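Here is the structure we will look at, set down as structure tokens.
Every heavy atom of this structure was used, including side-chain atoms; hydrogens, water molecules and symmetry mates were not. Since the structure is predicted, the reported quantities are computational estimates derived from the model, not experimental observations.
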Amino acid sequence: MSEAAESTTRCCIVGGGPAGLILTLLLARRGVETVLLESHADFDRDYRGDTVHPPTLDLFDRLGILDRVLALPHAEMREFTPPGQSSGFRLDLMDVPHPYVAMMPQAPLLALLAEEIGRMPNARIEMGSAFRELIVEGDRVVGVVYRKGVEEHRLRATFTVGADGRGSKVRKAAGLHAQDQSPPMDVLWFRLPRRPDEPEGAHGAVARGRILILLNRGPEWQIALLFPKGDFQAMKERGIEALREVLVAAEPSLADRVDALTDWKDLHLLKVAADRVERWYRDGLLVIGDAAHVMSPVGGVGINYAIQDAVAAANRLAGPLLSGSVPIEAAARVQRDREFPTRVIQFVQRRMQATIVERVFDGGSPPKFPWFVRIPFVARFFVRLMTYGIRPSVLGPEWGREAVAK
């Protein structure tokens, strides 16, 4: 292998998920020279996170790309029926521009964002570029080493952002430590055909100590089967037919199509994790999204919290990056902006797991919801909390229309 080629940029972002792509797009539109490194060669793979919440739709609108986003295949979720309940919660968000959750496959959305970045002369995406290590001088991170094909490259950067998801290699290389909050469950994801006359919204069901969540993806149901952590091997030993029986017991309407599941290769195991990094930054570096806080799947908020991190980072870092120097305090402010909202939603997720998920797993009992959640203003507050969160990030006043609608 030849000696590593070296180049420079203002901002290096590692990870081409929602957080990394949005931050790249925002910084480029402010005039910041930005390079994004993505280890995969393309976005053509299966993702489980499909929920795009109202604040993210608001951001796409502000960026002038909402029409293109909504032209992608998607369904609008305006009601959710929790497991074990006969009626659902409406997303009572009529006072907001986009009062629904868009159920949208993530791969084409990421490809659209990458295409938008491709229009920017001061940004580039290096696909198939695997992070190797940080370049550190003294105590400050000054870039990264990455491999593309057989060639190793050194990219020196004024500032580096790790947006490389759960199991972040950037986080590990930076020596940033996380507090584990993983719930006692894992999830099997799979798809089954959906008939046009079936419910539009998402709904859940319970049977035999398992929880089933069905998400509308147009011609298909994207289905999550929640079960106690560590039970997957025992499930496999009981066989695919036993799994089909559990699905039909939970949702009898699936009886005419569960035979489509013929092999365990038709299902994808997600080992559920949740954590939060104690300190999201060091001099010259910041981690955001799942690299800073892996979210439980409860509420499907992961994509949206990652994108809100990206907005907060753009607000705090764009000015210093344009000036050529990013003090450590700028990165610290991003954590201060986003840590409290993240703590709040992770607390809510843990309480929901304790009152819903663990009750089903421990005794096979239906989930029991507090009576007060059926009070209209309480239900509205809860829905608002899950869709918008506490203190959602918005682009600051320095982001005039000319900066975002290019």
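- If you take CZ on F131 and CG on L155, they are separated by 11.5 Å, rounding to the nearest 0.5 Å.
- A310 and I22 get closest at one heavy-atom pair: CB-CG2, 3.9 Å.
- Remark: R191 engages E220 in a salt bridge, criterion side-chain N to carboxylate O under 4.0 Å.
- Each of T387, T56, D309 was evaluated against N304; a single residue qualifies, T56, per the side chain to side chain donor-acceptor pair (under 3.5 Å) test.
- Under the ring-ring contact (aromatic ring centres under 6.0 Å, His included) criterion, H153 pairs with Y146, not counting sequence neighbours.
- Contact annotation: the side chain of M185 approaches that of P297 to within less than 4.5 Å [non-hydrogen atoms, C-beta and beyond].
- Taking a cutoff of 4.0 Å between a charged side-chain nitrogen and a carboxylate oxygen, R195 and D197 qualify as a salt bridge.
- A distance-only check finds a donor-acceptor pair linking the side chain of T51 to the backbone of G300 [under 3.5 Å].
- Between V170 and G162, the closest heavy-atom pair is CG1-CA, 3.8 Å.
- Between the side chains of R350 and Q181, at least one donor N or O lies within less than 3.5 Å of an accepting N or O.
- When atom types are taken as modelled, the side chain of R132 and the backbone of E152 share no donor-acceptor pair closer than 3.5 angstrom.
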Hey, mind stepping through V35 and I13 against side-chain contact (heavy atoms from CB on, under 4.5 Å) and telling me if it holds? CA-CA 6 Å; V35 176; I13 299 172; over 6 Å; no
CA sep, side-chain torsions, deciding dist, call: Y100, M77, side-chain contact (heavy atoms from CB on, under 4.5 Å): CA-CA 6 Å; Y100 56 88; M77 186 175 73; over 6 Å; no
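- Remark: the backbone N or O of V272 is paired with a side-chain donor or acceptor of D186 at under 3.5 angstrom.
- Atom CG of L254 and atom CG of D259 lie 11.5 Å apart (nearest 0.5 Å).
- In this structure, the side chain of R171 engages the main chain of A291 through a donor-acceptor pair within 3.5 Å.
- Between L385 and V348, the closest side-chain pair of non-hydrogen atoms falls below 4.5 Å.
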CA sep, side-chain torsions, deciding dist, call: D275, H293, side chain to side chain donor-acceptor pair (under 3.5 Å): CA-CA 5 Å; D275 64 30; H293 47 73; over 6 Å; no
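- Ion pairing between a basic and an acidic side chain is recognised when a charged N comes within 4.0 Å of a carboxylate O; D164 and K172 show no such pairing.
- Although no hydrogens or angles enter the test, the distance criterion places a donor-acceptor pair under 3.5 Å between the side chain of R279 and the main chain of Y281.
- Nearest approach of P327 to S325, heavy atoms of both residues: CD-O, 3.5 Å.
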Could you go through the salt bridge (Lys or Arg N to Asp or Glu O under 4.0 Å) check for E241 and R244 one step at a time? CA-CA 5 Å; E241 180 58 35; R244 294 194 199 109; 2.4 Å; yes
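- With values rounded to the nearest 0.5 angstrom, F60 atom CZ is found 5.5 Å from L113 atom CG.
- At least one side-chain heavy atom of L243 sits under 4.5 Å from a side-chain heavy atom of L225.
- The minimum heavy-atom distance linking V301 with M386 is given by the pair CG1-O, 3.5 Å.
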Working for side-chain contact (heavy atoms from CB on, under 4.5 Å), residues L267 and I240: CA-CA 10 Å; L267 303 101; I240 198 78; 3.9 Å; yes
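- At distances below 3.5 Å, not a single donor-acceptor pair connects side-chain atoms of D61 with backbone N or O atoms of L57.
- The pair E115-R119 meets the salt-bridge criterion, with a side-chain N (NZ, NE, NH1 or NH2) lying under 4.0 Å from an Asp/Glu carboxylate O.
- A salt bridge links R336 and E329; the closest N-O separation between the charged side-chain nitrogens and carboxylate oxygens is under 4.0 Å.
- A heavy-atom distance below 4.5 Å is found between the side chains of M235 and F227.
- Taking a 6.0 Å sphere around CZ of R351, one finds it holds 12 or fewer heavy atoms contributed by other residues, nucleotides or ligands.
- Under a 3.5 Å cut-off, the side chain of N122 and the backbone N or O of T34 do not form any donor-acceptor pair.
- A cation-pi arrangement is present between R384 and Y388, with the terminal nitrogen or guanidinium carbon under 6.0 Å from the aromatic centre and inside a 45° cone about the axis.
- At least one donor-acceptor pair under 3.5 Å links the side chain of Q335 to the backbone N or O of W280.
- In this structure, P320 and A330 approach most closely via the heavy-atom pair CG-CB, 4.4 Å.
- With salt bridges taken as basic N to acidic carboxylate O contacts below 4.0 Å, none links R282 and D139.
- A salt bridge is defined here as a Lys NZ or Arg NE, NH1 or NH2 lying under 4.0 Å from an Asp or Glu carboxylate O, and R140 with E137 fails to meet this definition.
- Here CG of L21 is found 5.5 Å from CD1 of I125. Values are rounded to the nearest 0.5 Å.
- The NZ atom of K229 lies 11.0 Å from the CG atom of D231; values are rounded to the nearest 0.5 Å.
- No option in I135, V142, V144, V161 other than V144 meets the side chain to side chain contact (heavy atoms under 4.5 Å, CB included) test with C12.
- K169 has no carboxylate O lying under 4.0 Å from a charged side-chain N of E133, or vice versa, which leaves the two without a salt bridge.
- Salt-bridge check for R154 with E6: passed, with a basic side-chain N closer than 4.0 Å to an acidic carboxylate O.
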Could you go through the side-chain contact (heavy atoms from CB on, under 4.5 Å) check for L59 and I307 one step at a time? CA-CA 9 Å; L59 174 66; I307 288 176; 3.6 Å; yes
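- Atom CG in D266 sits 10.5 Å away from atom CH2 in W264 (nearest 0.5 Å).
- A salt bridge links E198 with R257: the distance from a Lys NZ or Arg NE/NH1/NH2 to an Asp or Glu carboxylate oxygen falls below 4.0 Å.
- In this structure, the side chain of D337 does not engage the main chain of A312 through any donor-acceptor pair within 3.5 Å.
- Closest approach of F43 to A114, counting heavy atoms only: CE1-CB, 3.6 Å.
- At a threshold of 4.0 Å, the pair R276-D180 does not count as salt-bridged, since none of the basic side-chain nitrogens sits closer than that to a carboxylate oxygen.
- Heavy atoms from other residues, nucleotides or ligands lying under 6.0 Å from NZ of K271 number 12 at most.
- Distance alone, capped at 3.5 Å, is enough to place a donor-acceptor pair between the Q308 side chain and the S393 backbone.
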